[in-house]
Amino acid sequence: MIELRDVTKAFGSKKAVDHLDLQVRAGELYAFLGPNGAGKTTTIKMVCGLLAPTSGSVLVGGYPSGSAEARQLLAYVPDQPYLYEKLTGREFLRFVVEMYGLEPAHATRKIKEYIDTFEMNDYIDELCETYSHGMKQRVVFASALVHEPKILIVDEPLVGLDPRSARIVKDLFLAQARSGVAVLMSTHLLSIAEELADTIGIVNHGRMLAHGTLAELRTKLQSDASLEDLFLALTGGDRPNLVGRNATSRVETVQ
Amino acid sequence: MSVALSPVLSGRNQVIGAFRWLRGRLIANTMRSVLLGSRLRISMIIACCTVFWTGLFFLFFGGFQFLAIYLSLTNIVVEYLFSMFFLSLLVMLFFSTGIIVYAGLFHSKEAAYLLTTPASADRIFAYKFAEAIAFSSWGFLLLGSPLMAAYGISVGTSAWFYAMFLLYLLGFVLIPGSLGAIVAVLVASLLPRRQKTVLTSLGLILLGVTIYLGARVWTSPGQLFTQDWLDSMLGRLSFSQNTLLPSRWMSAGLVAAAKGEWYESTYQFLLLSAHGGIAYLVAAFTAGKLYRLGYSRVQAGRSSRRRIGWYAIDDAFHKVFFFLAKPIRILILKDLRTFRRDPAQWSQFLIFFGLLAFYFLNIRRLSYDVQSPYWRNLVSFLNLGVTALILSTFTSRFIFPLLSLEGRNFWVLGLLPIRREQILWGKFAFASGISLVATEALILMSDIMLRMELGMVALHMCMVAVLCFGLSGISVGLGARLPNLKEEDPSKIATGFGGTLNLLVSLVFIISIVTSLAVPCHLYYGGQDNLNFGYGAGILNEQQFKFWLTVATVGSLMIGVIGTILPLRIGIKAFQRMEF
């Protein structure tokens, strides 16, 4: 469903993504991990067609990313999603289903279904400008799923969500993947990746360091450690040095 | 190996329908919330537009009546006038639409969202282009409609003329708007890291051409308003009559419509609208081909650019303003750095005050300096008033929102080892400092060019200082009292209830200060003129003038102190109580 072959993206002299290969199959939930500035968001933007690769190819459902066919198949939830402030949540959902050409009766059913799923009945008919961050996130997730995408791309999905909403979103991701949707999720929360992902890809400096199931990663690294320790080992050092130094100096000061 | 899916693509009509529905809902919801929530602002806008429109109408109407003196040349002069007017608007619309299209297509979150939907690049362009045209041409309607109404009434034309004007307007705005949009898309696609260089270069070329043409017109030989002068001036404006210019089609067509020459008028309209249509098609085609590429390149070009710290300037600032508390100095430096790095702020400041400086430098060309003391005094106070009004728009637009924007970052400032009120004093020092430098220089320039007496120069400079402190105090104080901590966009904060109230209070403050000092001067110098022309004594003699001027000066100083301290006190109290 999603296929990146030898993809490089350079911003001037800096390579944000460096000869990256990545594949997400239908029904797979792929967690894309990496430290800040590793190239995760750049990769995701290339999959969505917002950035063109400097070299290599990005295919979405077999079509070049950014093509009309590719856009029709995917839904994208960015880390800072956009909502029309002067639309109500329901109006925004209606705009989305019209844009994707859903049959009206079916669209109305789907809108109602997601309003119920995300428990938005209390505020869905108010203007989005009055929503809190968490309320906006729910509307954005509903808008991403309401047109029944075949590919779901999510950048930092749980930021700003309360535990209940986070649970709903996690369950929905699993349900989507089990129904055949390819889900590519970028996150810093290793526990989420550990809990949900079928496949985990760890990227740093734009390069894929390791990918596979958690068991495969452990085998590859010959370690039974947690994902956090594997991640830290792969991305440079077991523990960040600064924390150790600071902690040591504080202890010395106290003594 | 992945297998291609076969998605059912959204039809073109579905996407068009979705955009149309979106636009309708956005307009309806915005209108509803504006009518329910911002009555003061709406009343202010309607009142200001009405006053502005009526003032322009009478100005233009008087102008057309004056032109009627040159009976044989009236039509020619009107065509030249219209051609120049529409040519200026053509250039302004080119720039404004281009900039709005660029920002809307390449730097907005909405564009990033729409580019991931099934909407094609040319449909997104069409949607954003319509928005840009509406934003950039409402001013055209506000300026053009009183001109056309005044012209129509002065020549006694039929109602069809006004209907034709609206049609002409639609055809006309498409041409500069489309050209601006084409340049915006090309710059993003071909020169994604050079957009500021392109804009600055175009602006400088435009400024150069304007200054050259302005100087040529100003230096038209002959006594003002004589036939020779008019002939030579029209000769120097003949470039505006070039038949390849859309402004010429617009003016010729409208003049023909006013005279009832429908064949000529229709021909010019078809010429204009055909070119408008073609220009739009070229723009949509260009966007269809290049928008996605341009978006990608602009985003890729926004990589980290190191900023020059100018730390030597910081050190110098600390040394020069050693008497201010260090936290205040640090806060001022932070605001100065933001000001320097935000082109919206310094460019607006530069354009408005630059235009004023240009006018003040030309005062002697207008022979104001050799007029009677009464006239020079009147002009000097008018200049003072205009400078203060422009300053008030600056403080309302940029100083008032400072605290609201700071509130969002309060976790940074709130944890610093400084008292909250120091943050406000820092803002006040920043606002009044930057205002003082600009306005004192301008008023000194105006008074020197008008050859004002030393005493009056000193009085005006003191007045400007009072105005700077007062307007800064009002904006900082009300900004702290009526903050909008939810909004990130400073322009929206400035146009909200607090911003509108701030502008109103600033206007009242300016009127109080300027009129209290201008009235005794006006009565005294008016009397001097009467004496010179043998009309009898003036209303105030010298003794009375000195007395009333002293009273007015003390009064204005008191108003100034109250206008500065009171809002600041209110702001400090509110700011200290504020929870973030």
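We name chains A, B, ... by the order of the sequence lines, and we start the count at 1 in each one.
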Given the options B/Ile16, B/Leu115, B/Leu26, B/Thr30, which has more heavy-atom pairs under 4.5 Å with chain A than any of the others?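 Top option by heavy-atom pairs under 4.5 Å: B/Leu26.
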Report the option among B/Tyr295, B/Phe19, B/Trp21 that has the most heavy-atom pairs separated by less than 4.5 Å from atoms of chain A.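 Counting heavy-atom pairs under 4.5 Å, the top option is B/Trp21.
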Is a salt bridge present between [X] and [Y], judged by a nitrogen-to-oxygen distance below 4.0 Å?
X: A/Glu98; Y: A/Arg94; result: yes
X: A/Arg207; Y: A/Asp21; result: no
X: A/Asp79; Y: A/Lys40; result: no

For A/His211, I'd like to know if atom NE2 has over 12 heavy atoms of other residues, nucleotides or ligands within 6.0 Å.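 Not more than 12 within 6.0 Å, no.
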Greater than 12 external heavy atoms within 6.0 Å of A/Glu103's CD: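 Correct, the count exceeds 12.
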Taking only residues two or more places apart in sequence or in another chain, which ones pass side-chain hydrogen bond (donor to acceptor under 3.5 Å, both in side chains) with B/Lys109?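 For B/Lys109 there are no side-chain hydrogen bond (donor to acceptor under 3.5 Å, both in side chains) partners, ignoring immediate neighbours.
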Close contacts, residues 83-90 of chain A versus chain B, judged by heavy atoms under 4.5 Å: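 The list, in residue order, reads A/Tyr84, A/Lys86, A/Leu87, A/Thr88.
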Need one label for B/Thr116: side chain, backbone, both or neither, based on atoms under 4.5 Å from any heavy atom in chain A.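 Both the backbone and the side chain of B/Thr116 come within 4.5 Å of chain A.
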If you count heavy-atom pairs within less than 4.5 Å of chain B, which of A/Arg71, A/Glu91, A/Arg25 leads?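 Ranked by heavy-atom pairs under 4.5 Å with chain B, first place is A/Arg71.
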Heavy-atom pairs under 4.5 Å with chain B - which of A/Leu51, A/Thr42, A/Val97, A/Leu74 has more of them than the others?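 Max contact count across the listed options: A/Leu51.
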Does a side chain donor of either A/Thr235 or A/Asn204 reach within less than 3.5 Å of an acceptor in the other side chain?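 No - no donor-acceptor pair under 3.5 Å links their side chains.
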A/Met185 vs A/Tyr30 side-chain heavy atoms within contact, under 4.5 Å: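 A/Met185 vs A/Tyr30: side chains apart.
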